[in-house]
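Here is how names work: the chains are called A, B, and so on, in the same order as the sequence lines, proteins then strands, and each is numbered from 1. Atoms considered below: every heavy atom in the structure, side chains included; atoms not considered: hydrogens, waters and symmetry mates.
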2 protein chains.
Amino acid sequence: MSQSNDHSRRRFLQGAALGTAGLMAGRAAAQTSAQTPDPAITDLSQQPWTQYLGDGVDARPYGMPSPYESHVIRRDVPWLTADAVSSVNFTPLHELDGIITPNGLCFERHHGGVAELDPGSYRLMINGLVDTPKVFTLQDLMRFPRENRIYFLECAANSGMEWRGAQLNGCQFTHGMIHNVMYTGVPLRLILEEAGVKTDAAWVLAEGADAAAMTRSIPLDKALDDCLVAFKMNGEALRPEQGYPVRLVVPGWEGNMWVKWLRRIEVGDKPWYHREETSKYTDLLANGKAREFTWAMDAKSVITNPSPQAPILHGPGPTVLTGVAWSGRGSIPRVDVTIDGGITWHQARMSGPSHDKSMHRFYYEFDWDGGPLLLQSRAHDSTGYVQPTKDMLREVRGENSIYHNNGIQTWAVNEKGEAENVEIT
Amino acid sequence: MSQSNDHSRRRFLQGAALGTAGLMAGRAAAQTSAQTPDPAITDLSQQPWTQYLGDGVDARPYGMPSPYESHVIRRDVPWLTADAVSSVNFTPLHELDGIITPNGLCFERHHGGVAELDPGSYRLMINGLVDTPKVFTLQDLMRFPRENRIYFLECAANSGMEWRGAQLNGCQFTHGMIHNVMYTGVPLRLILEEAGVKTDAAWVLAEGADAAAMTRSIPLDKALDDCLVAFKMNGEALRPEQGYPVRLVVPGWEGNMWVKWLRRIEVGDKPWYHREETSKYTDLLANGKAREFTWAMDAKSVITNPSPQAPILHGPGPTVLTGVAWSGRGSIPRVDVTIDGGITWHQARMSGPSHDKSMHRFYYEFDWDGGPLLLQSRAHDSTGYVQPTKDMLREVRGENSIYHNNGIQTWAVNEKGEAENVEIT
C-alpha cells in the first residue's frame, strides 16, 4: 500500500521546507513518503489490516516472528568447513538491538552436530580427585540454589578470518559468533563441594555428551569462582543446539570451554591437553610457537548499523549509528566512535543494563552530510584496557593466528549509504 | 534409558546411607536412580546420543525449543470468553526461571485478533493539539535516539478470577497475564516534541491499527516521562501478537494501555472516555460506583514452584522454592516467604538484575520434612508498600472487582508434594 505518488511527494517536499527536513529527507521519503497528513493517508481506518479480525489467542501456543522478518536468521558459510555437523553459523547482529540475543538467533558451533538428549536419562557425573564421586540427575540439580546472570558467549575464532585483512562483508559474519543471554543455573562450586574436592586438586575437565565428546581443561580457581551449571537461557530451557538440558557457563572465557550437553566433570591436578586445547584453540605465533590457554576474551566492539548488511536507507540528515561492545574481564564503561577513520573520536552513548562479562549497547547520533564515511568503534573495559587496532595485534602475534582477534573493525560507507568491510593502513 | 534396576537401586540406598540423603532421597531416586557410580552408568559413552552425528548448523536458521519441552506453551481457557479473537492466553510462569520471558511464551490479549501489518506500509500519525501534525514511517522512527529498558507488562485483569476465592488451579492461569522483556524504542517525548505540543495539551490518545482500533487516554505527564514507542523486544522485532511493528510501552501501568500496532497519537486537553476506559478497565465498587483511571499496577508476587502445575517431584530434604515479584511503582528490594501459612515468615533470596517496573526473581531454599505446607509470598516495593492479603483488598473494594487484584496467593502442598490453589480465612 505505497503512498508514493507525485501528489504526496510534492506535499512531502512542502513539509520538508517547513522545517521537517531532518527526519523527512531523501530516499526515506521517496520510499515511504513521510509527509504531513493528507486525505489519502489520514483515513487510517482504510488500512487493510483494520478490515478483518486476526488470529485468536489459540493460534500460537509457542509464538514465532512475523513473516516480514523471515530474513532475520542465523546464516552459515558452506565453504568455511568440510561438513555442517562440525561447523558454525552466525548471529544476525545487524538485525538486533538492545543487549539480549533471542534464543532462536543465538549462533551455533558444533563439533559433532546437535546431540538430542532425553532429560529423563540425563546424568552429570562428578569424579576424579573428590571424596565421593557423584552421579546427578536433572532432578537432583534442581535442588541446588540457583543464580541468574547475563553473560556473552563468544567463540575464540570470532573475527578470525580477518587476521589477513578484510575478508567477510557483514558484521553477522565478521563478529556474529557471539550471543548474550540470561542464564539460570547452579554455581559449579556448590556441585563440587557436594562431592568434596581433594586438597591436591588444581584443574577440572568438562566433558560433553555429544558425538564429539567435547572436552576442555579448566583451572579449579575458575570453576570455584563464577562458573554455572546452567539449564535455562532467557527464562526457558536451553535450546538443543545450546546444550539442552545442561551446559557449562564459563563467564568471559572462550565459548569452546562452555561445554554443551555437559555429562561429566572430572577433578584432577593438571591439565589434560585434550585435542580441543592442543590441535585447536591455541594461537600459532610467527616464531612457530603456540600460545596456549588463552582463555579470557579481551575487550571488543563492532558497529552493527550502518554495516555492509545494513546500509543507510535514508538520505542526509539525522542518522543513528549503533553497535555492541563486551569484555571477558569486566564491564564496558565507555565506547569511542569515529566516522572519519580516526581523525576525530566521539564518546558513544551507552544505553541498557551494564553487567560484567555481558554485551553492552552503544549509540552515536549524527547528522550525515551525505559524503563517504569511515566508521570505527573502540571499546574501553573496566580494567582500563582499550581495544587495539588489528595492526597492533599483528605486531605481537603475526598473521598465523585464527583465535582472539579483538581488533578495531572499519566499515567504509559511500554516498549511496552502502557499507563495506575495509582496513585502514 | 532408565537405570532403575534393583542392582542400582540397592547401590543408591547405600549411597544415601553414606550421607547423600539430602540430594538423593525419595521419589527423585525411584524415578531417576541418582546414585554413586557403578559400571552400568559410568560408561557414559554408551548413551545413545553419543552414537551418531546430530543436526548441523544449517538445520535451524531460526531455532525452536527441544521436543521434550513441547508442554511449555501459552494456554488459553476456552470457556473464559465468547471468542478466541477477543480473549487471552497465559504465560507458563511455572516453567520459567530468571526474569526474562522468551518472546514465544509472552501471554497475549487481543480485542480483535492479531493484526498483520506490513512494515513498509506502516504509518504513525501525531495529530490534535500539536504545532505540526506528522505522519512517520517506520524508517523515520528509526532515526530518533533509542533507549533499552526491561519492563513487566501485566494485564489489569491478571488474577481477576480470584476476587471471589480460589478459582483456577495453577499460577499460569492465576498470574500468567504478565511478561517481562527488554524493549528497544524511541521515547514518546521525542516524537511529541518533533510535532510540537501546544500549551493547553494535557492528555494523549493512543490508537491501535487492529480491527478493534484499541484506544486509551494517557495523561501527557506520563507520555513525556518514561513511555516508549517500541519496535524491538528481547533484541528482535516485536512479535505480531505483541504489536508488530510498533507498540506503545507504558511502564508500570496496566497492559491494556500499551497499545499494540500503534498507528496514531492524538494530543488533547481532556480524556476521551472511550470504551476501553469506561465499559472496561474500571473497578465496580460495592456502592455501585466505579473507580476509574486505576493505571499503576501495585506490588505483587507469586510462588511459581512449587505450585499446582509444578508439584514437588522428590521426597523430603533440600527443596527449592522460587517465584517472581514486581511493582508498577518501583523496584522490589524484598520478598517474604512463608511455608506454614503465615505463622513464620522468611526473607527470600533475590537473584538477578533489579530494575524499576521490572520482574524480580526470588528463591527460598528449605529442608522439606515431607509434611503439608501452606506457601505464600509477600512483596515489598521501593516505595515501602507491602503486598496486601485478598481480604484486605475486599474490605476496601468489595467483591465486584475484576481488575487490580494484587492480593497474596496461597498454595497448599500435601504429603505427596501436590499443590492446589486455596485461601486462608
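Only the backbone of D210(A) comes within contact range of chain B, with heavy atoms under 4.5 Å apart. In this structure, no portion of R149(A) lies under 4.5 Å from any heavy atom of chain B. At a 4.5 Å heavy-atom cutoff, L238(A) makes no contact with chain B through either its backbone or its side chain. D97(B) touches chain A through backbone and side chain together, each having a heavy atom under 4.5 Å away. For M233(A), no part lies under 4.5 angstrom from a heavy atom of chain B. Both the backbone and the side chain of S87(A) have a heavy atom closer than 4.5 Å to some heavy atom of chain B. Looking at E147(A), the atoms closer than 4.5 Å to chain B (heavy atoms on both sides) sit in the backbone and in the side chain alike. Only the side chain of T322(A) has a heavy atom closer than 4.5 Å to any heavy atom of chain B. In this structure, chain B has a heavy atom under 4.5 Å from the side chain of Y363(A), while its backbone stays farther away. Interface remark: E95(A) contributes backbone atoms only to the contact with chain B (heavy atom separation under 4.5 Å). At a 4.5 Å heavy-atom cutoff, the contact between R349(A) and chain B is made by side-chain atoms alone.
Side-chain contact annotation: Q47(A) with Y122(B), donor-acceptor N/O pair under 3.5 Å absent.
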How far apart are the C-alpha atoms of D140(B) and T137(B), what are their side-chain angles, what is the distance that settles it, and do they pass the side chain to side chain donor-acceptor pair (under 3.5 Å) test? CA-CA 5 Å; D140(B) 298 328; T137(B) 65; 3.0 Å; yes
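The CG atom of L138(A) sits 10.0 Å away from the CZ atom of R123(A) when rounded to the nearest 0.5 Å.
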